Asker: 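To start, I am sharing the structure in question, which I have written as structure tokens.
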Amino acid sequence: MKDEIKKACEVLQKGGVILYPTDTVWGIGCDATNEEAVKRVFEIKQRADSKAMLVLVDSPVKVDFYVQDVPSVAWDLIEMTTKPLTIIYDGARNLAPNLIAADGSVGIRVTSEEFSKQLCFRFRKAIVSTSANISGQPAPAVFSEITEEIKQAVDYVVDYRREETGHPKPSSIIKLGKGGVVKIIRE
């Protein structure tokens with residue numbers, strides 16, 4: 001796994017795009033601070049860049065760096081969740097401009113899965129995580145469901161966890177609004 005993380009980090013540092021396992025489904029990822037890399041992910045997914053993508057970080061402390069004012073309820077949600085949870089925050093910062101939604105928000109998930117957590121830790125920046133599919137097509141739950149088109153479009157495909165057959169679910173998504181308003185987007 002260490003070699004895979006090292007290779008993936010090298011590709012990310014050069015502005016490349018990777019295909020990697022996350023705490024939910026397999027993801028297409030890149031440096032979340034690199035506008036050109038983010039643009040490539042949108043192109044690979046054939047997706048309008050007005051449709052936001054989320055980012056992964058390895059610890060709650062990192063959320064503060066990418067969000068201007070983290071509502072206190074977010075810390076409770078992150079701490080109490082028992083399954084992957086993406087929180088959409090207002091006031092995104094320190095990210096590629098084309099990653100931030102028109103309303104200034106960004107979705108961030110603190111991953112606890114071994115590979116993606118170590119990858120984020122070693123890379124030291126947020127990493128884009130979007131399902132490994134063309135926009136509008138079903139999200140592949142396991143590596144074997146990813147199309148050749150996607151595999152060929154990225155710069156590096158991680159070897160780790162390719163053989164798994166379980167069907168992980170996408171994360172829950174919650175939007176935190178002004179005044180602590182919590183809106184459930186996906187359970």
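Since the model is a prediction, treat every value here as computed from it, not as a measurement.
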Asker: I'd like to know whether Gln46 forms a side-chain hydrogen bond (donor to acceptor under 3.5 Å, both in side chains) with Glu149, so could you lay out the CA-CA distance, the side-chain angles of the two residues, the decisive distance to 0.1 Å, and finally the verdict.
Answerer: CA-CA 11 Å; Gln46 298 172 24; Glu149 183 180 4; 3.1 Å; yes
Asker: Could you go through the side-chain contact (heavy atoms from CB on, under 4.5 Å) check for Tyr160 and Glu114 one step at a time?
Answerer: CA-CA 11 Å; Tyr160 190 69; Glu114 188 181 12; 3.4 Å; yes
Asker: So, Arg93 side chain and Asp64 main chain: donor-acceptor pair closer than 3.5 Å or not?
Answerer: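 Between the backbone of Asp64 and the side chain of Arg93 there is a qualifying donor-acceptor contact (under 3.5 Å).
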Asker: Side chains of Glu164 and Trp26, heavy atoms from C-beta outward: is any pair under 4.5 Å?
Answerer: no
Asker: To the nearest 0.5 Å, what is the distance between OG1 (Thr147) and CD1 (Ile134)?
Answerer: 5.5 Å
Asker: Might you work through the side-chain hydrogen bond (donor to acceptor under 3.5 Å, both in side chains) test for Ser171 and Thr86, ending with a clear yes or no?
Answerer: CA-CA 6 Å; Ser171 68; Thr86 299; 2.7 Å; yes
Asker: Please indicate whether Lys175 has more than 12 foreign heavy atoms, meaning atoms of other residues, nucleotides or ligands, lying under 6.0 Å from its NZ.
Answerer: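 More than 12 within 6.0 Å, yes.
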Asker: As an exercise, state the distance from CG of Asn34 to NZ of Lys14, rounded to the nearest 0.5 Å.
Answerer: 14.0 Å
Asker: For Asp58, is there an ion pair with Lys62 - N to carboxylate O distance below 4.0 angstrom?
Answerer: yes
Asker: Would you call Ile87 and Leu77 a side-chain contact if the rule is heavy atoms closer than 4.5 Å?
Answerer: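 Yes; the side chains approach each other to less than 4.5 Å.
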Asker: I need the minimum non-hydrogen distance between Leu12 and Asp31, along with the two atoms involved.
Answerer: CD2-N, 3.9 Å
Asker: Are Ile100 and Val41 co-members of a hydrophobic cluster defined by side-chain heavy atoms under 4.5 Å apart?
Answerer: yes
Asker: Should the ring pair Phe115 and Tyr20 be called parallel, tilted or perpendicular, given that the plane angle runs from 0 to 90° and is split at 30 and 60?
Answerer: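 Phe115 vs Tyr20 ring planes: tilted.
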Asker: For atom NZ of Lys6, decide whether the heavy atoms of other residues, nucleotides or ligands shown that lie under 6.0 angstrom number more than 12.
Answerer: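 No.
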Asker: What heavy-atom pair brings Val38 and Met53 nearest, and what distance separates the two atoms?
Answerer: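 Answer, listing the atom of Val38 first, then Met53: CG1-CE, 3.9 Å.
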Asker: Run the side-chain contact (heavy atoms from CB on, under 4.5 Å) test on Val55 and Ile127 for me, step by step, so that the C-alpha distance in whole Å, both residues' side-chain angles and the decisive distance to 0.1 Å come before the verdict.
Answerer: CA-CA 5 Å; Val55 300; Ile127 298 173; over 6 Å; no
Asker: Would you find a donor on one side and an acceptor on the other, under 3.5 Å apart, between the side chain of Arg161 and the backbone of Thr22?
Answerer: yes
Asker: Are there more than 12 heavy atoms of other residues, nucleotides or ligands under 6.0 Å from atom CZ of Arg124?
Answerer: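 It does not: Arg124 CZ has 12 such atoms or fewer within range.
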Asker: Please tell me if the side chains of Ile44 and Ile28 come closer than 4.5 Å, counting only heavy atoms from C-beta onward.
Answerer: yes
Asker: What's the shortest heavy-atom distance between Tyr89 and Ile108, and which atoms?
Answerer: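 Nearest pair, atom of Tyr89 first, then Ile108: CE1-CB, 3.9 Å.
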Asker: Find out if a path of hydrophobic residues (ILVMFWY) with successive side-chain heavy-atom gaps under 4.5 Å connects Phe121 to Val128.
Answerer: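 Different clusters.
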Asker: Kindly give the heavy-atom pair with the smallest separation between Thr111 and Ser116, and that separation in Å.
Answerer: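 Thr111 and Ser116 have their closest heavy atoms at OG1-OG, 2.7 Å.
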Asker: Name the one of Asp155, Val158, Val157 that satisfies side chain to side chain contact (heavy atoms under 4.5 Å, CB included) with Leu19?
Answerer: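 Answer to the side chain to side chain contact (heavy atoms under 4.5 Å, CB included) test with Leu19 among Asp155, Val158, Val157: Val157.
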Asker: Under 4.5 Å between any side-chain heavy atoms of Ile185 and Ile174, yes or no?
Answerer: no
Asker: To the closest 0.5 Å, what do you measure between CZ (Arg109) and CD1 (Ile88)?
Answerer: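 Atom-to-atom, Arg109:CZ and Ile88:CD1 are 12.0 Å apart.
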Asker: Stepwise, does the side-chain hydrogen bond (donor to acceptor under 3.5 Å, both in side chains) test hold for Glu4 with Tyr156?
Answerer: CA-CA 10 Å; Glu4 285 294 300; Tyr156 185 67; 3.0 Å; yes
Asker: Answer whether the closest heavy-atom distance between the side chains of Cys9 and Arg122 falls below 4.5 Å.
Answerer: yes
Asker: Give, for atom SG of Cys120 and atom NZ of Lys125, the distance between the pair rounded to the nearest 0.5 Å.
Answerer: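 Rounded to the nearest 0.5 Å, the SG-NZ separation comes out at 12.5 Å.
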Asker: Ignoring hydrogens, what is the shortest heavy-atom contact between Ile150 and Ala132? Give both atom names and the distance.
Answerer: CG1-O, 4.0 Å
Asker: Could you check if a side-chain atom of Phe65 sits within less than 4.5 angstrom of a side-chain atom of Val57, using non-hydrogen atoms only?
Answerer: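 Sidechains of Val57 and Phe65: no contact.
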Asker: Within the side chain of Gln152, is there an N or O that forms a donor-acceptor pair under 3.5 Å with the backbone of Glu148?
Answerer: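 Not confirmed, Gln152 side chain does not pair with Glu148 backbone.
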Asker: Are any of the side-chain heavy atoms of Thr130 and Arg47 separated by less than 4.5 Å?
Answerer: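 The answer is yes; the side chains approach within 4.5 Å.
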Asker: How close do Cys30 and Val17 get, heavy atom to heavy atom, and via which atoms?
Answerer: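 Looking at all heavy atoms of both residues, the closest pair is CB-CG2, 4.3 Å.
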Asker: Which is it for Asp23 and Leu56 under the side-chain contact (heavy atoms from CB on, under 4.5 Å) test, yes or no, and what are the steps along the way?
Answerer: CA-CA 10 Å; Asp23 52 340; Leu56 287 184; 4.2 Å; yes
Asker: Could you give the distance from NZ (Lys83) to OG1 (Thr81), rounded to the nearest 0.5 Å?
Answerer: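 So the gap between those two atoms works out to 7.5 Å.
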Asker: Give the C-alpha distance, both sets of side-chain angles, the deciding distance and a yes or no for side-chain contact (heavy atoms from CB on, under 4.5 Å) between Glu43 and Lys39.
Answerer: CA-CA 6 Å; Glu43 288 167 358; Lys39 184 178 172 205; 3.4 Å; yes
Asker: Quick one: CD1 on Ile18 to CZ on Phe123, what's the gap to the nearest 0.5 Å?
Answerer: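 Going from the CD1 atom of Ile18 to the CZ atom of Phe123 covers 8.5 Å.
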Asker: With side-chain hydrogen bond (donor to acceptor under 3.5 Å, both in side chains) as the test, would you mind laying out the steps for Asn133 and Lys45 before giving the verdict?
Answerer: CA-CA 6 Å; Asn133 61 312; Lys45 287 190 64 81; 3.0 Å; yes
